[in-house]
2 protein chains.
Amino acid sequence: MLQTFTVYVEDKPGVLNRVASSFRRRGFNIESLAVGHTHKPGISRMTIVVEADGFTARTIEANLYKMVNVLLVENITYDDKVIRELALIKVRTSPENRLEIFQTVEVYRSKIVDVTTESVMVEVTGPTAKIDSLVEVFEPYGIIEMVRTGVIGMGRGPYAPTISPEFVEAVVPEEAVAK
Amino acid sequence: MLQTFTVYVEDKPGVLNRVASSFRRRGFNIESLAVGHTHKPGISRMTIVVEADGFTARTIEANLYKMVNVLLVENITYDDKVIRELALIKVRTSPENRLEIFQTVEVYRSKIVDVTTESVMVEVTGPTAKIDSLVEVFEPYGIIEMVRTGVIGMGRGPYAPTISPEFVEAVVPEEAVAK
């Protein structure tokens, strides 16, 4: 099944490389990966989705923790959470189907961000399944190009792990700090 | 300055690792990276943002092309394009500031996706600067956590490069196909 991990890392060159290598060595194909800044300077948060059983998920978690610059790993697969992905989809239009396409955009609560006489670019946000479904609806018109961000996830409720400077100092090995 | 690359890759284990390593070896810190499926099975599209001058951008492009499984590289920095990023932001609320926060959410055309008595989770989409600005506005209330996808970009207008099976076959070296 698909396992979703939230990984807090120090924002240093080589972190992404190390994380990607560790998945590679074990032969996992990452289904989705997104990296972005958090509100704490110097700390990034990755969301990684991998096809794995429960045992393998545990080994992934343990191996991520072994890496320098990895601060916190959470498997949020079974948590009550919000999962979202963003896509831009460019669809071919004709005078005959233009209105139909505009209506589909509305039904999916998506947004037109660029228009020409022969195409529209649509911005859509939602769980992966919603975006997949819109892609399916657009396919017969002709998709010119598509780009997706990969998924991000966040647990519902008011709580979150604390990633304070004290936490970072306590987690990163001394040799790494010295470098 | 920030350079934005669109990179089409074959969806194989190790591709992300190879791309990340090549940036690592040259000492670049990737400012933003997003990977997602395209509408063509087996082909993923990365959007990579790196701080680099024009000369360095050219070397990045050349080096990406040298990698097996890299099909097409475009530097879209100077193109007329749509750039978007998605973020989930969890903000602390109190009975006193709740209405104010709700109004901010509306002003930014963002969306509340989870509510508790002490927090809201906000989904926001836009160019990086818009999201940064919302983060700044939320900061005084107390941001509990935030996750961002990294940016994706797409050129305006009706055209896009053709990534047909023939194109893929013509680009991937024979030894790689044989494996």
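To find a chain, count down the sequence lines: A is the first, B the second, and so on, and within it residues start at 1. Note that the structure is predicted; figures quoted are calculated from it, not measured.
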| request: Please determine, by modelled atom types, if S94(A) and Y141(A) share a side-chain donor-acceptor pair under 3.5 angstrom. | output: no
| message | Checking side-chain polar atoms at under 3.5 Å, does S119(B) have a donor or acceptor matched by the opposite partner on T116(B)? | response |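 Yes, because at least one side-chain N or O of S119(B) sits under 3.5 Å from a partner of the opposite role on T116(B).
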Quick one: which of [options] has the most heavy-atom pairs under 4.5 Å with chain B, could you say?
{"options": "E139(A), M46(A), R84(A)", "answer": "R84(A)"}
{"options": "T125(A), T117(A), V120(A), V135(A)", "answer": "T125(A)"}
{"options": "I30(A), V19(A), V113(A)", "answer": "V113(A)"}

Portion of [X] that has a non-hydrogen atom of chain B nearer than 4.5 angstrom:
{"X": "T149(A)", "value": "both"}
{"X": "M121(A)", "value": "side chain"}
{"X": "S22(A)", "value": "neither"}

| Other hydrophobic cluster members with I144(B), side-chain heavy atoms of Ile/Leu/Val/Met/Phe/Trp/Tyr under 4.5 Å, chained? | none
| query | Only one of V68(B), L64(B), V70(B) clears side chain to side chain contact (heavy atoms under 4.5 Å, CB included) with R18(B); which? | reply |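 For R18(B), the side chain to side chain contact (heavy atoms under 4.5 Å, CB included) check succeeds only for V68(B).
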| Option from T38(A), T6(A), V82(A), I152(A) for which side chain to side chain contact (heavy atoms under 4.5 Å, CB included) with V147(B) holds | I152(A)
So which of [options] has the biggest tally of heavy-atom pairs under 4.5 Å with chain A?
{"options": "A20(B), S21(B), P158(B), G150(B)", "answer": "P158(B)"}
{"options": "A87(B), S44(B), S32(B), G155(B)", "answer": "G155(B)"}
{"options": "R148(B), E118(B), K90(B)", "answer": "K90(B)"}
{"options": "L88(B), T47(B), V115(B)", "answer": "L88(B)"}

| Ionic contact status for R45(A) with E145(B), cut-off 4.0 Å | yes
| For chain A, which residues of residues 159-166 of chain B have at least one non-hydrogen atom nearer than 4.5 Å to it? | Y159(B), A160(B)
| query | Taking all non-hydrogen atoms of both residues, which atom of Y78(B) and which atom of M1(B) are closest, and how far apart? | reply |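 The answer is OH-SD, 3.4 Å.
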| E31(B) versus chain A, heavy atoms under 4.5 Å apart: side chain, backbone, both or neither? |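 Both parts, heavy atoms under 4.5 Å.
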| Does any heavy atom of chain A fall under 4.5 Å from the side chain of D132(B), the backbone, both, or neither of them? |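 The answer is neither part of D132(B).
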| message | So, taking the atom named CG in N17(A) and the one named CE in M67(A), what distance separates them when rounded to the nearest 0.5 Å? | response |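 Taking CG in N17(A) and CE in M67(A), the distance rounds to 10.5 Å.
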| field | Those residues that, when tested against D114(A), pass salt bridge (charged side-chain N to carboxylate O under 4.0 Å, His left out) (two or more places apart) | value | R156(B)
| said: I'd like to check F55(B) versus I60(B) (side-chain heavy atoms, cut-off strictly below 4.5 Å). Are they in contact? | reply: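 Contact flag for F55(B)/I60(B) side chains = no.
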| So do V73(B) and Y8(B) actually touch side chain to side chain, heavy atoms under 4.5 Å? | no
| said: Could you work out, with side-chain contact (heavy atoms from CB on, under 4.5 Å) as the rule, every residue matching I83(B), not counting sequence neighbours? | reply: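 Here the qualifying residues are T4(B), K81(B), V151(B).
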